[in-house]
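To start, the structure under review is shown below, and the notes come after it.
Every chain is numbered from 1, with letters handed out A, B, ... down the list of sequences. Not measured: the values here are computed from a predicted model.
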Amino acid sequence: MLELDRVTRAFATPDGGTYCTLRDISLKVGSGAFVALVGPSGCGKSTLLNIVAGLLRPTSGRVRVGDEELAGLNRRATYMFQQDALLPWKDVRDNVALGLVLAGRTRADANRSADEWLARVGLTAFASHYPSQLSGGMRKRVAMAQNWIIDRDILLMDEPFSALDVHTRQRMETELLALWEAPRSAESFMVGRAFQAIRKTILFVTHDLEEAIALADDVVVLSAGPASHIVARHPVALERPRDLLELRTSAAFIDLYRTLWAVLREEVIKSQRERSRA
Amino acid sequence: MFWQFLVAVIVVASWQSLVAMKLLDPFFVSRPSAIAARIATWTIDGTLWRHLIVTIEESLLGLIVGAALGISLGFGFARAPAVARVFDPYIKMLNAVPRVVLAPLFLLWFGLGIWSKVALAVTLVFFVMFFNTYQGVRDADRVLIDNVRMLGASERQLVRHVLIPSALTWIFSSLQTSLGFAMVGAVVGEYLGATRGLGYVISQAEGTFDTTGVFAGMTVLAVVVVIVSVGVSRLERWLLRWKS
């Protein structure tokens, strides 16, 4: 579904040099897979996601989506940002319906779908509220509905829950998995695509290894920046559906955590050394 | 509210009594009772409405034309940074021109009627609207833009759903200032040459050392500004209701 081929990204620095954030990233993500990208802060994880989204162009290397090389915005993906990306001047219903309205659906039709999605994320009572009137967790739910309603094949998530408190965060993770594991709407089949994966392909960026293991099928570890590259890729052989409340204390989980932490630890230390030098 | 009224009562009462005690000369400062009487006369004989209507008409026209020009140019410049860079020094130069010196020119160009006053109001309103629109579009949150583009927005939809609303928040919050400026433009224009309007009334009164008339005109103007600004802040609160 997604393939990165030796993707490198450099930025011009104010003093005239170049700063390389990503170097030679090659990565394959299968259709319907949930892949988590972990790495120390400042290692270019968000840059990588922006490249897959088509918001940034790689300095060199290629991105393939499905059978096509990515040029311009990735029209098969939606993107859940770390920051709040809801339009503050639209109420919850209009925010959720936005993607459908942009695609030219009638207002009434879009609102009907939005209401269904609001019911699914438990926010029916808040349809006419503005984002500023909601809690952080509720805003994330609205963002999930906003992303899910247009039902693209790929979902990019950039530390979507990092601003939430631990308990809200765990609830959001559970809801994310529930949405992902549930069959996708019949609507997506009516679009008439030849092949439709049952599940969305998710690329999930986080700096929290626990979150990565709990959610993903595969955990990819990025090295400390600059010139970040992939240092490890590890499958997560935990059964689904997963009970996130129990999972974290299971032996298999702890084993995985130990293995991956051994790799990530080095990079975290390196990145801290790098930062204290700067 | 109570304290606000109290301040007004104390100021007016001490003004009146200082004049009554002959500590202040009514020739220079008039007295509140005379000013009130004058306003009452004007209200009854229709003078007030005749002039007030003209001033309000000029202010509103100035506001509308100034806003239309300022918003569209501000928007255009924000979307075309190269053009904005070229015109930047000229905009700053024009904005630095004291408007009072323009008034005689406008009188020459547009005559003694309302349009020379509208033009003066426009020069004041334009820059407030222009800078706010420009800033509002430039300041539109990067993440909101990226999100809406990822959700499938075309360039036109991006303008409609993100850039315009983002600029509107800036424009609405400057509405208060713009309206004040529009009235200043109208009144100053009338003051310098007109046949009607509150500014004209004040300047006529000044010409005959009629301080009561001057203060009466000023009072009417002040009351109108307060009423309008209450209305505008209500409107602003409603339009920006999503900002809890």
Notebook entry, point to check: Would you say B:Q157 and A:V101 make side-chain contact, with heavy atoms under 4.5 Å?
Noted result: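 No, side chains not in contact.
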Notebook entry, point to check: Under a 4.5 Å cut-off applied to non-hydrogen side-chain atoms, are B:N147 and A:F81 in contact?
Noted result: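 Yes, at least one pair of side-chain atoms sits under 4.5 Å.
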Notebook entry, point to check: What distance do B:L144 atom CG and A:L87 atom CG have between them, rounded to the nearest 0.5 Å?
Noted result: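 Nearest 0.5 Å value for the CG-CG distance: 5.5 Å.
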Check: If you measure from CG on B:D146 to CG on A:L55, what distance do you get to the nearest 0.5 Å?
Finding: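 Answer rounded to 0.5 Å: 4.5 Å.
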[X] portion near chain B, given a 4.5 angstrom heavy-atom threshold:
X	result
A:Y79	both
A:Q146	both
A:D84	backbone

Tell me whether [X] at atom [atom1] has more than 12 heavy atoms from other residues, nucleotides or ligands lying less than 6.0 Å away.
X	atom1	value
B:I53	CD1	no
B:F181	CZ	no
A:Y19	OH	yes

Item checked: Portion of B:S166 that has a non-hydrogen atom of chain A nearer than 4.5 angstrom ->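 Backbone plus side chain of B:S166, per the 4.5 Å heavy-atom cut-off to chain A.
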Next item on the list: Decide side chain to side chain contact (heavy atoms under 4.5 Å, CB included) for A:L102 and B:H161; before the verdict, give the C-alpha distance in whole Å, the side-chain angles of both, and the deciding distance to 0.1 Å.
Entry: CA-CA 9 Å; A:L102 294 176; B:H161 291 278; 3.7 Å; yes
Notebook entry, point to check: Is the side chain of A:W89 donor-acceptor paired with the backbone N or O of B:L168 at a distance under 3.5 Å, no angle test?
Noted result: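 No; zero donor-acceptor contacts below 3.5 Å.
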Next item on the list: For A:S132 and B:K243, indicate whether the former's side chain and the latter's backbone hold a donor-acceptor pair under 3.5 Å.
Entry: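 Checking the backbone N and O of B:K243 against the side chain of A:S132, no donor-acceptor pair under 3.5 Å is found.
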Checklist line | Heavy-atom pairs under 4.5 Å with chain A, option from B:R160, B:R241, B:M150 with the top count | finding: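 Looking at each option in turn, the highest pair count goes to B:M150.
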Margin query: Heavy-atom pairs under 4.5 Å with chain B - which of A:P88, A:A77, A:G99 has more of them than the others?
Written below: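 Sorted descending by pairs with chain B, the first entry is A:P88.
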